[in-house]
Visitor: 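Pasting a structure below so you can have a look.
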Amino acid sequence: MRAIHITSLKGPLAIEAVEVDEPAVGAESVVIDVHVAGVTFPEVSQSRGEYHLQRTLPFIPGTEVAGTVRSAPSDSGLTTGQRVAAFPGTGGYAETVAAPPTAVFPLPDNVSFHAGAALPMNYLTMHFGLVRRAQLKAGDTVLVHGAAGGVGTAAVQLAAPLDARVIAVVSEPGKIDTAKAAGADEVILADAFEDTVQELTGDRGVDIVVDPVGADRVVGSLRSLAREGRLLVIGSTGGDIAQIKIDTLMYNNLSVSGVGWGAFWREQPSYLQEQWAGLLPLLQAGELQPVIGRRFPLEQATQALLELDQRRAQGKVLLDVR
């Protein structure tokens, strides 16, 4: 089968398109013929050996896919030919991948393969962050950094149907339309975002900040929180890992919550299906429509990863496999 290999830890430019054997799978796995693969920051980190889960070289990256079931365990509830999204965790940059039944999700008829491949990592991460970690409630105001990217657009789209007001932050004017398309109530630029937030909220601040950027955004995010506000730490695409002075949290009784979705569900695999059940009504009603960014053929995985690595991505970057 066609696949992408990480053969050395020299970054996106060093990955290779290869022909390899299909994965050997046991009877407990779901085998999926991949139509579309999602592109995520873990693959960028893996290409440099910077991801917290290390794998033996060479290996096929790719955490999320959409496609059709080739075979499935009889007790999985899945059938041959069924359209699904899946979170295999690795191996998704290939024509065929295997995943445990707990990480395979039936797609409604109105959800395309491209939309399906955009869902598992970003939408389930943000569902975990907003609903479980931040305890989002109707009427909250949510500030979303990196709101034109895959994680950001997912956060915007999930917060809005939960009856939150969403203020999106983007790094440049060219990304404003993407954040608006995701459903943000207001879109502001990252430069001096603190002042703009205070203007928009009447000096109250926001209830929740979603931050996949980190670095120099963190201090301003804390200053932008209202009393008992919550900062969700999703990642650090901005580069440096930010340091927080503990005493800043005492003022206004602020909370900082890490969003380690993977660490959580690995200890409780059934949680994935619970999450999907929560998203299904929104998907069927058309309330969650991932903003799709650039699409690349499988063999151009390097260019796809560079979209994220160089922070050019607007919406979800995808690989067309079939």
Side-chain angles (χ1 to χ4, degrees), residues 2-4 6 12 15 17 30 32-47 51 53 59-69 83-100 103-108 111-129 146 148-158 178 182 212 234-235 237 261-262 265 272 275-276 279 283 288-309 311-322:
R2 295 158 50 239
I4 296 297
I6 292 180
I15 65 176
V30 180
I32 299 167
D33 289 326
V34 179
H35 285 246
V36 184
V39 181
T40 72
F41 271 102
E43 285 106 66
V44 177
S45 299
Q46 287 171 353
S47 74
Y51 196 55
L53 295 176
F59 67 92
I60 302 171
T63 59
E64 59 186 352
V65 301
T68 56
V69 174
R83 300 170 66 256
V84 294
F87 190 82
T90 190
Y93 286 13
E95 291 183 297
T96 304
V97 71
V104 181
F105 316 106
L107 285 178
V111 178
S112 69
F113 285 133
H114 292 98
L119 292 169
M121 172 69 88
N122 293 338
Y123 281 76
L124 294 181
T125 293
M126 287 316 312
H127 178 272
F128 172 67
V151 171
T153 53
V156 172
Q157 287 213 334
L158 279 168
T178 301
I234 314 293
T237 62
W261 171 66
W265 69 256
L272 293 174
Q275 285 191 284
W276 194 254
L279 295 186
L283 289 168
L288 297 183
Q289 298 186 7
V291 178
I292 304 302
R294 295 192 65 185
R295 292 162 47 189
F296 297 86
L298 179 64
E299 288 76 11
Q300 293 181 17
T302 287
Q303 285 72 24
L305 290 177
L306 288 174
E307 286 288 299
L308 273 64
D309 192 33
R311 299 187 66 184
R312 298 194 304 262
Q314 297 193 46
K316 180 68 177 182
V317 177
L318 299 172
L319 292 175
D320 288 321
V321 180
R322 277 183 167 82

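What you see below is based on every heavy atom in this structure, not just the backbone, and it leaves out hydrogens, waters and symmetry mates. Because the structure is a prediction, the values reported are computed rather than measured.
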Visitor: Please list, chain by chain and in numerical order, all residues satisfying side chain to side chain donor-acceptor pair (under 3.5 Å) with Glu95, sequence neighbours excluded.
Guide: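 For Glu95, the residues satisfying side chain to side chain donor-acceptor pair (under 3.5 Å) (neighbours in sequence not counted) are Arg2.
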Visitor: Tell me whether Glu43 contacts the main-chain N or O of Pro61 through its side chain, where contact means a donor paired with an acceptor under 3.5 Å.
Guide: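 Not at all, since once roles are kept as given, no pair shorter than 3.5 Å links the two residues.
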Visitor: Identify the two heavy atoms, one from Ala117 and one from Lys316, that lie closest to each other, and give their separation to 0.1 Å.
Guide: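 Where Ala117 meets Lys316 most closely, the heavy atoms are O-CE, 4.2 Å.
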Visitor: State which residues pass side chain to side chain contact (heavy atoms under 4.5 Å, CB included) with Ala94; sequence neighbours excluded, sorted by chain then number.
Guide: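 So Ala94 forms a side chain to side chain contact (heavy atoms under 4.5 Å, CB included) with Met1, Ala3, Ile60.
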Visitor: Excluding sequence neighbours, so at least two apart, what forms side chain to side chain donor-acceptor pair (under 3.5 Å) with Trp265?
Guide: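 Side chain to side chain donor-acceptor pair (under 3.5 Å) check on Trp265 returns nothing, list empty.
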Visitor: In chain order, what residues pass the ring pair (Phe, Tyr, Trp, His ring centres under 6.0 Å) check against Phe113, with sequence neighbours excluded?
Guide: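 By the ring pair (Phe, Tyr, Trp, His ring centres under 6.0 Å) rule, Phe113 matches His35.
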Visitor: Of all residues at least two apart in sequence or in a different chain, which pass the ring pair (Phe, Tyr, Trp, His ring centres under 6.0 Å) check with Tyr123?
Guide: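 Checked Tyr123 against ring pair (Phe, Tyr, Trp, His ring centres under 6.0 Å); zero matches.
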Visitor: Applying side chain to side chain contact (heavy atoms under 4.5 Å, CB included), can you list everything that pairs with Pro106, at least two apart in sequence or on another chain?
Guide: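 Residues passing side chain to side chain contact (heavy atoms under 4.5 Å, CB included) with Pro106: Leu78, Gln82, Trp276.
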Visitor: Give me the atom names and distance for the closest heavy-atom approach of Gly38 to Tyr93.
Guide: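 That closest heavy-atom pairing would be O-CE1, 3.6 Å.
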Visitor: Please name all residues satisfying side chain to side chain donor-acceptor pair (under 3.5 Å) with Thr125, sequence neighbours left out, ordered by chain then number.
Guide: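 So Thr125 forms no side chain to side chain donor-acceptor pair (under 3.5 Å) with any residue.
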Visitor: Passes side chain to side chain contact (heavy atoms under 4.5 Å, CB included), Leu279 versus Leu124? Steps please.
Guide: CA-CA 9 Å; Leu279 295 186; Leu124 294 181; 3.6 Å; yes
Visitor: Considering non-hydrogen atoms only, spot the tightest contact between Val104 and Ala99 and give its length.
Guide: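 Reported closest heavy-atom pair: CG2-CB, 3.9 Å.
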Visitor: Which heavy atom of Ala98 sits nearest a heavy atom of Pro88, and at what distance?
Guide: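 In this case the closest contact between Ala98 and Pro88 is O-CB, 3.6 Å.
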Visitor: Once side chain to side chain contact (heavy atoms under 4.5 Å, CB included) is applied, do any residues pair with Pro12, and if so which ones, sequence neighbours excluded?
Guide: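 Pro12 satisfies side chain to side chain contact (heavy atoms under 4.5 Å, CB included) with Ser47, Arg48, Leu305, Leu306, Asp309 only.
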Visitor: What do the steps show when you test Leu53 against Thr90 for side chain to side chain contact (heavy atoms under 4.5 Å, CB included), and what is the final call?
Guide: CA-CA 11 Å; Leu53 295 176; Thr90 190; over 6 Å; no
Visitor: Considering all heavy atoms of both residues, which atom of Pro120 and which atom of Phe87 are nearest to each other, and what is their separation?
Guide: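 Shortest heavy-atom contact: CB-CD1, 4.0 Å.
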Visitor: Output the distance between atom CG (Leu119) and atom CD (Gln275), rounded to the nearest 0.5 Å.
Guide: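 One gets 12.0 Å once the value is rounded to the nearest 0.5 Å.
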Visitor: Can you measure from CD (Gln300) to CD1 (Ile4) and round to the nearest 0.5 angstrom?
Guide: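 So the gap between those two atoms works out to 10.0 Å.
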Visitor: Which value, rounded to the nearest 0.5 Å, describes the distance between Leu158 atom CG and Thr153 atom OG1?
Guide: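 So the gap between those two atoms works out to 9.5 Å.
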Visitor: Mind checking what makes salt bridge (Lys or Arg N to Asp or Glu O under 4.0 Å) contact with Arg83, not counting sequence neighbours?
Guide: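 Listed in chain order: nothing, the list is empty.
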Visitor: Rounded to the nearest 0.5 Å, how far apart are CD1 of Ile234 and CZ of Phe128?
Guide: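 Answer for the CD1-CZ pair, Ile234 versus Phe128, is 9.5 Å.
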Visitor: Show your reasoning for whether side chain to side chain contact (heavy atoms under 4.5 Å, CB included) applies to Asp320 and Val36.
Guide: CA-CA 5 Å; Asp320 288 321; Val36 184; 4.1 Å; yes
Visitor: Which residues pass the side chain to side chain contact (heavy atoms under 4.5 Å, CB included) test with Asp33, not counting sequence neighbours?
Guide: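 Once residues adjacent in sequence are excluded, the partners of Asp33 under the side chain to side chain contact (heavy atoms under 4.5 Å, CB included) criterion are Thr68, Arg70, Thr96, Arg322.
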Visitor: Check Thr63, Val317, Val151 against Thr40 for a side-chain contact (heavy atoms from CB on, under 4.5 Å) and give me the one that passes.
Guide: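 Testing Thr40 for a side-chain contact (heavy atoms from CB on, under 4.5 Å) against Thr63, Val317, Val151 leaves exactly one candidate, Thr63.
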Visitor: Report the residues that fulfil salt bridge (Lys or Arg N to Asp or Glu O under 4.0 Å) with Glu307, sequence neighbours left out, ordered by chain and then residue number.
Guide: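 In terms of salt bridge (Lys or Arg N to Asp or Glu O under 4.0 Å), with neighbours along the sequence ignored, Glu307 is linked to Arg294, Arg312.
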Visitor: Evaluate side chain to side chain contact (heavy atoms under 4.5 Å, CB included) for Met126 paired with Trp261, printing each intermediate quantity in order.
Guide: CA-CA 9 Å; Met126 287 316 312; Trp261 171 66; over 6 Å; no
